[in-house]
S.K.: 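One structure coming up, written as structure tokens, with questions to follow.
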Amino acid sequence: SKSPLEKAKIYQQRAKTFQTLSDLQRLSSPYSISNGRNRHSSLHNENLRMAYHREAKRYRKLAEQIRSEHASESNASKAP
């Protein structure tokens with residue numbers, strides 16, 4: 001089992017990965033070279049971008065939640 005801070009670090013890394021994937025979808029060409037369904041391809045890329053963005057946001061939130069819980073536990077253990 002990993003410590004809370006190790007888990008937070010893993011979640012933060014996953015958030016960074018998903019954010020990069022989201023950015024790559026945003027920067028990619030909206031047109032597919034392999035077929036003529038440009039509108040479908042563009043819509044698919046936008047849906048993927050939003051899915052990656054949601055996952056990045058979810059992992060950032062999990063990392064922040066673990067950090068804040070760890071900080072409050074740490075402060076509680078220091079209190080007299």
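In what follows, residues are counted from 1 in the order of the sequence shown.
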S.K.: Rounded to the nearest 0.5 Å, what separates atom CZ in R14 from atom CD in E55?
M.R.: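 Those atoms lie 10.0 Å apart.
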S.K.: Which heavy-atom pair separates Y11 from Y59 by the least distance, and what is that distance?
M.R.: O-CB, 3.4 Å
S.K.: Once you round to the nearest 0.5 Å, how far does CD of E69 lie from NZ of K7?
M.R.: 10.0 Å
S.K.: Taking atom CZ of R49 and atom CG of L21, what is their separation to the nearest 0.5 Å?
M.R.: 12.5 Å
S.K.: Looking only at non-hydrogen atoms, find the nearest pair between A8 and A63 and report the distance.
M.R.: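 The answer is O-CB, 3.5 Å.
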S.K.: When rounded to the nearest 0.5 angstrom, what distance separates OG1 in T17 from CD in Q13?
M.R.: 4.5 Å
S.K.: For the hydrophobic clusters of this structure (ILVMFWY residues joined by side-chain heavy atoms under 4.5 Å, transitively), does one cluster hold both L62 and F18?
M.R.: yes
S.K.: Could you tell me whether E6 and K9 make a salt bridge, using a distance below 4.0 angstrom between a side-chain N and a carboxylate O?
M.R.: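 No, no charged N to carboxylate O under 4.0 Å.
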S.K.: Once you round to the nearest 0.5 Å, how far does CZ of R60 lie from CD of Q65?
M.R.: 14.5 Å
S.K.: Minimum heavy-atom separation for Q19 and A56, please, with both atom names.
M.R.: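 In terms of heavy atoms, the two residues are closest at N-CB, 3.6 Å.
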